[in-house]
There are 2 protein chains.
Amino acid sequence: MGVAQADTKTRILDTAQELIQRRGLNAMSFQDLSDAVGIRKASVHHHFATKNDMVASLLVRYLENFDSAVDRVMSSRASGLNKLERYCNLFLETLQSGGQDKVCLCGMLIVEMASLDDPSVVLVRQFVRSNGRRIEAMLREGVEDGSIAIRGSVPGTARLLLAALEGSLLVARCEGGPKQLAENIAQLLTLLKKH
Amino acid sequence: MGVAQADTKTRILDTAQELIQRRGLNAMSFQDLSDAVGIRKASVHHHFATKNDMVASLLVRYLENFDSAVDRVMSSRASGLNKLERYCNLFLETLQSGGQDKVCLCGMLIVEMASLDDPSVVLVRQFVRSNGRRIEAMLREGVEDGSIAIRGSVPGTARLLLAALEGSLLVARCEGGPKQLAENIAQLLTLLKKH
DNA sequence: GTCTATAGCGCGATAGAC
DNA sequence: GTCTATCGCGCTATAGAC
């Protein structure tokens, strides 16, 4: 068998994710997917009956992958601050992976939330809540191990941090690119570091 | 003459801004505008030949209005921190004005930048650069008058602040609403306040 | 400045052969 | 699982009467 090519369903999802993160949900069509994957539009519909089904599948996969990546960061032996730094770098990888100009899939879909149907809306909200909670956990660890000093509440700081990361992804792609995002992350960590 | 109704062009722009901030550029059509304003689609085209012309006009007006609002904030006699607080509240007003669920027009258009043509792209970039510079000015004032203490560079802090505001607008509309945004702003100011 | 009417296209989605 | 073909709709944009 040798190295198998990713199955069609996966290739469709990969392409869809790339296009949505770059252009947005409403600027991506089944025709775009069909062109990129190299099959016909009707064949795309065979794998995903409707556009909303596709987005929902995409979100499930994205949340799983992101969660796994965060698991890996959190299960390391590093300090709270160090874990947080590696968590922030997940967003940097998002911007850089594939081509450029990508934002967080959920950041994009929050903006286009009015175009989403029921299952997808819930999943986007879940991403925000889940990441908020995990940032909280890292902050608490950092406070306990002495690597982080926060002003204000832990949940408040966590929510601000997530918002700052999503916003930095946005702004970076119109001014400064990955280098700008890296600077924003460094600045964020400076604010949290215990001096 | 009494109280004149806003002219048609203005009413079209008002509606377009509302719809774009709520749903996105690609989810707003000339038909939507025509329905909301109460004239026919062709009449909308009389005022704005193409969609891109309309977005460009909208951005020019938005940048002017936002700049004026920032002028008013900056020309007051308040401390640097106080000015910054009032500046942040401009974003809170954005979310609350009209209906709800609105994000910054430029935040929305950064996300949909791939769908923009030349004049509009430049204007969105200009918004980011201009606001970055003005936040820098307020930070410097605050450092001088002793109301603000920053860690890291002034330009770095300014860029992070703008990104955090844009991101907070996004996240707030999917979790927590205006109350959440207000909390994020309070948290931001806490980080900057000299203790 | 507003209207009716329509061109021309791309979209999401479906039917049915292979 | 992929294909050809097509439906029905909404979109941006234009032509031309009033």
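Here is the naming used below: chain letters follow the sequence lines, and residue numbers restart at 1 for every chain. Hydrogens, waters and symmetry mates play no part in the numbers below; they use all other heavy atoms, side chains included. No experiment lies behind these values; they were computed from the predicted model shown.
Closest approach to the A:Thr50 side chain among C:dA13, C:dT14, D:dT14 is made by C:dA13 (side chain taken as heavy atoms from C-beta onward). With C:dG12, D:dT2, D:dT12 as the candidates, the nucleotide lying closest to the side chain of A:Lys51 is C:dG12. Comparing atom distances between the A:Ala42 side chain and each of D:dA5, C:dA13, D:dT14 picks out D:dA5 as nearest. Here the side chain of B:Ile39 is nearest to one of C:dA5, C:dT2, D:dC11, namely C:dT2. Relative to the side chain of A:Thr8, the nucleotides C:dA15, D:dT2, D:dA13 differ in distance, and D:dT2 lies closest. Nearest nucleotide to the B:His47 side chain, out of C:dA13, D:dT4, C:dG1: C:dG1.
The pair B:Asp35-B:Arg40 does not meet the salt-bridge criterion, since no charged nitrogen lies less than 4.0 angstrom from a carboxylate oxygen.
Paired with A:Asp67 under the rule salt bridge (Lys or Arg N to Asp or Glu O under 4.0 Å), one option of A:Arg72, A:Arg133, A:Arg134 passes, and it is A:Arg134.
Heavy atoms of B:Ser43 sit under 4.0 angstrom from at least one base atom.
Within residues 20-27 of chain A, no residue approaches DNA chain C, by heavy-atom distance under 4.0 Å.
In this structure, the separation between CG on B:Leu161 and CD on A:Gln187 is 10.0 Å, given to the nearest 0.5 Å.
A close approach under 4.0 Å does occur between a side-chain nitrogen or oxygen of A:His46 and OP1 or OP2 of D:dG1.
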